[in-house]
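Heads up: the structure comes next, in structure tokens.
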Amino acid sequence: RGLRGKLPGCVIFQDNPKLASLDGLEGVTEVGMNRDGASLWLRNNTELLSIAGLRGLRGKLPGCVIFQDNPKLASLDGLEGVTEVGMNRDGASLWLRNNTELLSIAGLRGLRGKL
């Protein structure tokens with residue numbers, strides 16, 4: 001069920017007012033990045049509660065991770081398999097902004113090295 005394996009580009013979910021979860025992406029093991037240097041970009045998903053559907057991701061993300069304006073997202077659980085994060089063209093690796101219910105970033109505990 002759902003997508004499987006490597007996605008060659010960035011995963012972007014933006015302006016999805018009814019999206020509550022990323023279920024169906026559990027089989028995705030790798031992602032690439034876009035020309036701006038982002039690998040994961042979740043922005044303005046007003047009902048997003050969980051990113052646990054990303055739990056299949058393993059290893060290094062070549063680009064940065066951006067979570068912005070996801071007011072109901074409470075944790076980053078689902079990213080435990082990610083061990084490294086690259087940078088975008090501005091030199092950012094991790095951008096967490098205006099996720100008003102975000103209580104835990106423990107899902108990033110698998111990260112090693114520099115951000």
Note to self: Side chains of Asn45 and Asn16 only: does a donor on one sit below 3.5 Å from an acceptor on the other?
What the structure shows: yes
Note to self: Testing the basics here: between Ser50 and Leu48, what is the closest heavy-atom pair and its distance to 0.1 Å?
What the structure shows: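 The answer is O-CD1, 3.5 Å.
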Notebook entry, point to check: Do Glu84 and Arg112 meet the salt-bridge criterion of a basic N to acidic O distance under 4.0 Å?
Noted result: no
Item checked: Arg55 and Glu80 ion-paired at < 4.0 Å -> no
Next item on the list: Check the pair Leu25 / Phe13 against side chain to side chain contact (heavy atoms under 4.5 Å, CB included), numbers first and verdict last.
Entry: CA-CA 12 Å; Leu25 295 178; Phe13 288 93; 3.8 Å; yes
Roughly how far, to the nearest 0.5 Å, is [atom2] of [Y] from [atom1] of [X]?
X: Cys10; Y: Trp41; atom1: SG; atom2: CH2; result: 7.5 Å
X: Leu73; Y: Ser21; atom1: CG; atom2: OG; result: 11.5 Å
X: Asn34; Y: Arg89; atom1: CG; atom2: CZ; result: 9.0 Å

Are any side-chain N or O atoms of [X] and backbone N or O atoms of [Y], one a donor and one an acceptor, separated by less than 3.5 Å?
X: Thr100; Y: Pro71; answer: yes
X: Ser39; Y: Gly32; answer: yes
X: Asp36; Y: Ala38; answer: no

Next item on the list: May I have the step-by-step check of side chain to side chain contact (heavy atoms under 4.5 Å, CB included) for Gln14 and Arg43, ending in yes or no?
Entry: CA-CA 5 Å; Gln14 181 172 328; Arg43 181 171 183 233; 3.6 Å; yes
Next item on the list: Only one of Ile12, Ile51, Val85, Leu57 passes side-chain contact (heavy atoms from CB on, under 4.5 Å) with Leu40; say which it is.
Entry: Leu57
Check: Taking the side chain as C-beta and beyond, is there a heavy-atom pair between Val11 and Val28 under 4.5 Å?
Finding: no
Notebook entry, point to check: Does Leu108 belong to the same Ile/Leu/Val/Met/Phe/Trp/Tyr cluster as Leu54, with side-chain heavy atoms less than 4.5 Å apart forming each link?
Noted result: yes
